[in-house]
Asks: 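The following block contains the structure, expressed as structure tokens.
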Amino acid sequence: MATKRKLIKVRVPTRERPVEERIHDFKEVNLGYDFVTALQEAERCLQCPPDYAPCIKGCPVHINIPGFIGKLLQHRDDPDRAVKEALNVIWACNTLPATTGRVCPQEDQCEKNCVMGKVGDKINIGKLERFVADYAREKNIDEELLLEIVPKIEKKPQKVAIVGAGPAGLTAAGELAKMGYGVTIYEALHEPGGVLIYGIPEFRLPKDIVEKELDKLKKLGVKILTDHVVGSTVTIEELLREYDAVFIASGAGTPRLVNAPGVNLNGIYTANEFLTRVNLMKAYRFPEYDTPVKVGKRVIVIGAGNTAMDAARSARRFGVEVIVAYRRGEEDVSARVEEFEHAKEEGVKFEFFLNPVEFLGDEKGNLRAVKFERMRPLEERDARGKRKIVGTGEYVTIEAETVIIAIGKHPNRLIVNTPGLKVERGRIVVDENLMTSIPGVFAGGDAIRGEATVILAMGDGRRAAKAIHEYLTNRAKNN
Ligand SMILES: Cc1cc2nc3c(=O)[nH]c(=O)nc-3n(C[C@H](O)[C@H](O)[C@H](O)COP(=O)(O)OP(=O)(O)OC[C@H]3O[C@@H](n4cnc5c(N)ncnc54)[C@H](O)[C@@H]3O)c2cc1C
Ligand code: SF4
């Protein structure tokens, strides 16, 4: 007779550093599970069959979630084996699990429809994925697995160039290298990683973790050329002469600005510049590192996405007052729930329904205040399901020495201006196989979507790798 399973309704919590400690540094806030707590959480999973499991359907790269959780349960008496087998299941679909486990908006993806949600808390899939990746890295289990995979790769003669070393480019590179292609990534900045390195701060995603994930790619044979700006150092046309296919994964790194008088005053940053200084150039450790960053006594961050939360929480770590001003309401905050909660815990203040209309400066051209119009929500919703808003004609002025604008980004013009490349609203146009209007040139990630998510960019990287493989296989057959 089948035994009835006891449902464990409450999620096993992960450890977090206390606010009063973490607010003074950039070290990681969430400390994740250890093997014992990961197993306790894994035991809550109902192990839905893979052809039904809604968590797999919700994951943009379709990781076999009950499959990897099942491996932890199956080998509970042998943690190293449990993790190795779980990692093997994850790697079949995702080569950057330590990153995605930390930054994916799981509440909108895999966890969204987890059946445990009907009776209690949903399974903490992201933190379980992160546990597997972290444990494997700390115990060198990922290296062991790589050593088993690399000798089995059959080298192919064709070469593929990838533009941009963010999650889309890195994923495509890993997949193509596993298929045996010679892969070279061209990256404009002096370090690979894209937003993972220059955007998302250390307190959410430690850089040494991203670097270790990058090392794995290098071991798969991927070459990364940094300080190479495609469109300037080398063109797509030139790449096509040297390589059999090209994948454009240059992201959406050009910030949008607020269209209001005074936007060029001193003290106004785009979130891109602020976060690049803080994260990539380590300005929070100035003068040990030589890039400075100026943060006034009161900082206003405009916007309420992940970028705004990262900018606000980074600014808080300089010991100053931070206000996030958003033109919509709390229900429309698009940042991950965990980041929004952490920002509130860390003392970031929120002002909703405020839209900036003017930046006010002093006689020296330094910012001194921001004038906002109060907004009001309507019943009607826009295409994204957000309530429309209108101005009330009422204004408020808030004093501040620093403003960080985080209202979104669009793709880089250098690439978008490539002759023959079809582009709409600044985004590269692709067909169902992610091929652009130039045969042999594919594109994915934020370059085709505008600012989206890490896992969607990675999903594009995987799809593009498969499509490039089919394209090159067909071309070889027809020659
Ligand atoms: C601050 C911030 C926080 C975020 N937080 C989250 C989060 O918590 N969760 C989440 O899922 N998503 C988050 N996102 C969004 C996510 O990071 C992006 O959707 C994702 O990184 C897109 O990946 P990508 O590979 O398409 O582009 P990118 O990560 O932007 O990488 C593009 C790379 O291409 C390079 N490049 C650009 N032009 C050229 C050129 N001409 N030649 C050579 N190289 C070039 C760039 O230097 C960069 O390294 C965040 C974004 C930001 C900015
Ligand atoms: S839906 Fe939830 S309970 Fe079912 S397999 Fe996925 S994580 Fe486990």
Side-chain angles (χ1 to χ4, degrees), residues 42 44-50 52-60 64-67 69-70 99-100 102-106 108-117 122-125 128 162-172 185-201 204-205 225-234 236 248-255 271-272 274-276 279 305-311 314 335-336 338-339 406 408-409 411-416 418 443-458 460-461:
R44 299 180 54 241
C45 170
L46 301 178
Q47 291 285 291
C48 310
Y52 154 76
C55 54
I56 303 182
K57 294 197 181 88
C59 168
N64 180 351
I65 291 161
I69 295 179
T99 300
T100 48
R102 285 174 165 80
V103 304
C104 273
Q106 287 95 3
D108 292 325
Q109 297 175 335
C110 54
E111 290 175 15
K112 191 171 181 190
N113 299 318
C114 168
V115 292
M116 269 303 285
K122 295 169 183 182
I123 303 299
N124 201 344
I125 300 169
L128 286 175
I162 292 182
V163 183
L170 295 171
T171 304
I185 305 184
Y186 289 77
E187 167 56 47
L189 295 175
H190 65 278
E191 274 188 48
V195 172
L196 308 181
I197 286 285
Y198 78 76
I200 303 180
R204 283 217 285 141
L205 179 63
L225 302 177
T226 50
D227 297 317
H228 278 67
V229 185
V230 175
S232 163
T233 328
V234 57
I236 300 274
I248 303 178
S250 49
T254 310
N272 230 36
F274 182 75
L275 290 170
T276 302
N279 294 320
N306 285 316
T307 309
M309 270 350 106
D310 284 345
S314 297
R336 294 177 73 226
E338 186 177 355
E339 280 15 287
K409 301 186 291 143
N412 172 307
R413 310 261 7 134
L414 262 181
I415 298 282
V416 159
T418 300
D446 283 5
I448 63 165
R449 298 171 181 276
E451 197 176 345
T453 62
V454 169
I455 196 78
L456 284 173
M458 291 174 59
D460 287 349

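Counting convention: from 1, in listed order, for ligands and their atoms alike.
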Asks: Under a 4.0 angstrom heavy-atom cut-off, which atoms of ligand 1 come close to Pro105?
Replies: 11 (O)
Asks: Using a distance threshold of 2.8 Å, state whether an N, O or S atom of Cys48 lies below it from atom 6 (Fe) of ligand 2.
Replies: no
Asks: Do any heavy atoms of Ala249 fall under 4.0 Å from ligand 1?
Replies: yes
Asks: Considering only heavy atoms of Ala457, which atoms of ligand 1 have at least one such atom less than 4.0 Å away?
Replies: 22 (C), 23 (O), 26 (O)
Asks: Are any of the side-chain heavy atoms of Val195 and Lys409 separated by less than 4.5 Å?
Replies: yes
Asks: Heavy-atom contacts with Gly251 under 4.0 Å: which atoms of ligand 1 show up? List them by number with element.
Replies: 26 (O), 27 (O), 30 (O), 32 (C)
Asks: Starting from atom 8 (Fe) of ligand 2, find the nearest protein heavy-atom neighbour and note its residue, name and distance.
Replies: Cys45 SG, 2.4 Å
Asks: Please state which option from Val454, Thr100, Thr233 has its nearest heavy atom closest to atom 16 (C) of ligand 1.
Replies: Val454
Asks: Asp446 heavy atoms, cut-off 4.0 Å: which ligand 1 atoms fall inside?
Replies: 18 (C), 19 (O), 20 (C), 22 (C), 26 (O)
Asks: Is Lys409 near ligand 1, meaning one of its heavy atoms is under 4.0 Å from it?
Replies: yes
Asks: Could you identify the single nearest non-hydrogen protein atom to atom 53 (C) of ligand 1 and state the distance to 0.1 Å?
Replies: Thr307 OG1, 3.5 Å
Asks: Given Leu275, Ile248, Asn272, identify the one with the heavy atom nearest to atom 1 (C) of ligand 1.
Replies: Leu275
Asks: Considering only protein heavy atoms, which is closest to atom 51 (C) of ligand 1, and at what distance to one decimal place?
Replies: Val195 CG1, 3.4 Å
Asks: At less than 4.0 angstrom from any non-hydrogen atom of Tyr186, what atoms of ligand 1 do you find?
Replies: 43 (C), 44 (N)
Asks: If you look at every heavy atom in Arg44 and Lys122, which pair is closest and at what distance?
Replies: NH1-O, 3.6 Å
Asks: Which bit of Val115 is near ligand 2, meaning a heavy atom under 4.0 Å away: side chain, backbone, both or neither?
Replies: both
Asks: Distance to 0.1 Å, residue and atom name: give those for the protein heavy atom nearest to atom 2 (Fe) of ligand 2.
Replies: Cys114 SG, 2.4 Å
